[in-house]
Amino acid sequence: MIVYEYPFNERIRTLLRLEDLYDKFKFFIQQEHAMQHHVALATIFDMLEVAGRADLKSDLLQELERQRQSLLGYRSNPNVEPETLDAILGELDSVSGALVAAQGKTGQNIRDNEWLMSIRGRTIIPGGACEFDLPSYFAWQKRSCEQRLTDIHAWFAPLAPLFDALALVLRLLRDSGGPVKLIANGGSYQQMLQGKVYQMLRLSLDESSGAIPEISANKYMLWVRFTTQGGDLKPKPLEDDVPFELTLCNF
């Protein structure tokens with residue numbers, strides 16, 4: 001099964017973009033070549049660009065506290081396992097505490113580093129991080145893998161609490177809904193949402209079907225049109241019936 005996610009608002013869109021960047025960062029930081037570490041560092045710069053558009057720290061703290069208060073209401077529910085509930089509440093407290101302890105604006109340690117900011121300024125330009133543009137950066141890339149990794153981990157460390165909080169919020173959001181089996185007749189599906197507010201939808205389908213969903217949604221209607229790719233990879237309308245699973249998520 002392949003899963004497609006669609007955010008209903010800018011807030012969730014930002015979280016998903018940051019999650020995608022974090023996944024890329026985790027992949028490249030596990031590699032050893034200097035070029036791969038360059039991508040990891042450039043990805044940190046992209047994180048700062050996306051995170052700088054909103055006050056994510058306070059937003060995440062508010063959401064974590066809201067989730068904590070909501071979960072506390074389940075303590076008296078006999079259908080809820082106390083151990084599971086306590087584990088989630090403990091995780092919420094731990095992640096919130098680390099985020100509160102993170103000092104200053106997100107990524108301020110990188111913004112205060114003139115050398116890193118000079119690299120960031122050059123990476124915006126295609127091919128701008130060549131050795132003749134940034135000889136000191138070229139020299140850094142020639143250091144040992146261990147030295148480069150130590151530096152990158154140190155630069156990213158102040159950002160870690162933000163991404164731990166982001167991961168927890170998205171996990172709770174994804175777990176909030178249950179999948180429903182549906183069929184898109186003739187490759188198209190519509191559903192009235194009747195003004196109910198959702199944060200995100202998740203659409204799962206068999207990868208072997210070759211179907212690709214194009215999703216459009218607001219608080220009144222959800223519309224999914226399935227396409228497929230030909231030899232030129234250009235999307236083409238799919239007229240077959242497509243079975244899929246739909247999950248509507250909301251805190």
* **Test log, rule side chain to side chain contact (heavy atoms under 4.5 Å, CB included), inputs L15 and L173** => CA-CA 11 Å; L15 296 185; L173 178 60; over 6 Å; no
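- Using a cut-off of 4.0 Å between Lys/Arg side-chain N and Asp/Glu carboxylate O, E239 and R225 are scored as salt-bridged.
- Grouping the Ile, Leu, Val, Met, Phe, Trp and Tyr side chains by contacts below 4.5 angstrom, directly or via other members, places I124 apart from V39.
- S94 places no side-chain N or O within donor-acceptor distance of the main-chain N or O of G90, the cut-off being under 3.5 Å.
- Taking the six-membered ring for Trp and thresholds of 30 and 60 degrees, Y22 and F25 have nearly parallel ring planes, at less than 30 degrees apart.
- Just one of Y137, F45, F138, F28 meets the ring-ring contact (aromatic ring centres under 6.0 Å, His included) condition when paired with H38; it is Y137.
- Taking 4.5 Å as the limit, some side-chain heavy atom of I152 sits within range of a side-chain heavy atom of I44.
- Tracing side-chain contacts under 4.5 Å through hydrophobic residues (I, L, V, M, F, W, Y), one reaches Y6 starting from F244; they form part of the same cluster.
- For the pair L134 and S118, the tightest heavy-atom approach, listed with the atom from each and the gap, is CD2-O, 4.3 Å.
- Judged by distance alone, with hydrogens and angles left aside, the side-chain atoms of R122 form a donor-acceptor pair with the main-chain N or O of G128 at under 3.5 Å.
- Looking only at distances, no side-chain donor or acceptor of R120 sits under 3.5 Å from a matching main-chain atom of D46.
- Remark: side-chain polar atoms of Q147 are paired, donor with acceptor, to backbone N or O of S144 under 3.5 angstrom.
- A distance of 6.0 Å separates CG in L203 from CG in L246, rounded to the nearest 0.5 Å.
- Nearest heavy-atom pair across A98 and P161 is O-CB, 3.7 Å.
- In this structure, F226 and V224 approach most closely via the heavy-atom pair CE1-CG1, 3.7 Å.
- Summarising the local packing, CD of Q31 is surrounded by more than 12 heavy atoms from other residues, nucleotides or ligands at distances under 6.0 Å.
- Note on ring orientation: taking the six-membered ring where Trp is involved, the planes of W155 and W140 are tilted (angle from 30° to 60°).
- Residues L222 and A217 share a closest heavy-atom pair of CD1-CB, 4.0 Å.
- Hydrophobic cluster membership differs between I2 and M200, with clusters built from Ile, Leu, Val, Met, Phe, Trp and Tyr side chains linked at under 4.5 angstrom.
- Interatomic distance, R171 CZ to E91 CD, rounded to the nearest 0.5 Å: 4.0 Å.
- Criterion: ILVMFWY side-chain heavy atoms under 4.5 Å apart, direct or through other members. Under it, I215 and L248 are part of a common hydrophobic cluster.
- In the hydrophobic cluster analysis, where Ile, Leu, Val, Met, Phe, Trp and Tyr join through side-chain heavy atoms closer than 4.5 angstrom, L92 is grouped together with V100.
- Between D151 and R143 there is a salt bridge, since a side-chain N of the basic residue sits under 4.0 Å from a carboxylate O of the acidic one.
- Side-chain atoms of D206 do not come within 3.5 Å of backbone N or O of M1 as any donor-acceptor pair.
- The environment of CE in M35 is sparse: at most 12 heavy-atom neighbours from other residues, nucleotides or ligands sit within 6.0 Å.
- A donor-acceptor distance shorter than 3.5 angstrom exists from the side chain of N250 to the backbone of V197, with no hydrogens or angles considered.
- Rounded to the nearest 0.5 angstrom, D112 CG and N109 CG are separated by 7.5 Å.
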* Might you work through the side chain to side chain contact (heavy atoms under 4.5 Å, CB included) test for L56 and L18, ending with a clear yes or no? => CA-CA 11 Å; L56 280 178; L18 284 169; 3.1 Å; yes
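- One finds no salt bridge joining K142 and E131 here, because no Lys/Arg side-chain nitrogen approaches an Asp/Glu carboxylate oxygen to under 4.0 Å.
- The CD1 atom of I183 sits 11.0 Å away from atom OH of Y189, with the distance rounded to the nearest 0.5 Å.
- Judged by distance alone, the side chain of R148 and the main-chain N or O of Q141 form a donor-acceptor pair under 3.5 Å.
- Contact annotation: the side chain of L193 approaches that of Q191 to within less than 4.5 Å [non-hydrogen atoms, C-beta and beyond].
- Residues L61 and S96 share a closest heavy-atom pair of CD2-O, 3.8 Å.
- Here H37 contributes atom NE2 and I29 contributes atom CD1; the two are 5.5 Å apart, rounded to the nearest 0.5 Å.
- Between W223 and Q190 the shortest side-chain heavy-atom distance falls below 4.5 Å.
- No donor-acceptor pair under 3.5 Å is formed between the side chain of S70 and the backbone N or O of R66.
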* Check the pair E19 / L16 against side chain to side chain contact (heavy atoms under 4.5 Å, CB included), numbers first and verdict last. => CA-CA 5 Å; E19 180 187 54; L16 290 176; 3.8 Å; yes
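- Under the 3.5 Å distance criterion, the side-chain polar atoms of S176 are left unmatched by any main-chain donor or acceptor of F251.
- Here the closest non-hydrogen pair linking R68 and L89 is O-CD2, 3.8 Å.
- Ionic pairing of D20 and R17 is not present here: no N-O contact between side-chain nitrogen and carboxylate oxygen is shorter than 4.0 angstrom.
- With T228 contributing its side chain and G210 its backbone, the two residues share a donor-acceptor pair below 3.5 Å.
- Annotation: side chain of L60 is not in contact with side chain of L168 (no heavy-atom distance under 4.5 Å).
- Checking E63 against Q67 by side-chain atom types alone, a donor-acceptor pair falls below 3.5 Å.
- Distance CG/L172 to CG/L64: 8.0 Å, rounded to 0.5 Å.
- Few gaps surround CD on Q69; more than 12 heavy atoms of other groups in view lie less than 6.0 Å from it.
- Looking at heavy atoms from C-beta onward, N185 lies in side-chain contact with D241 at the 4.5 angstrom threshold.
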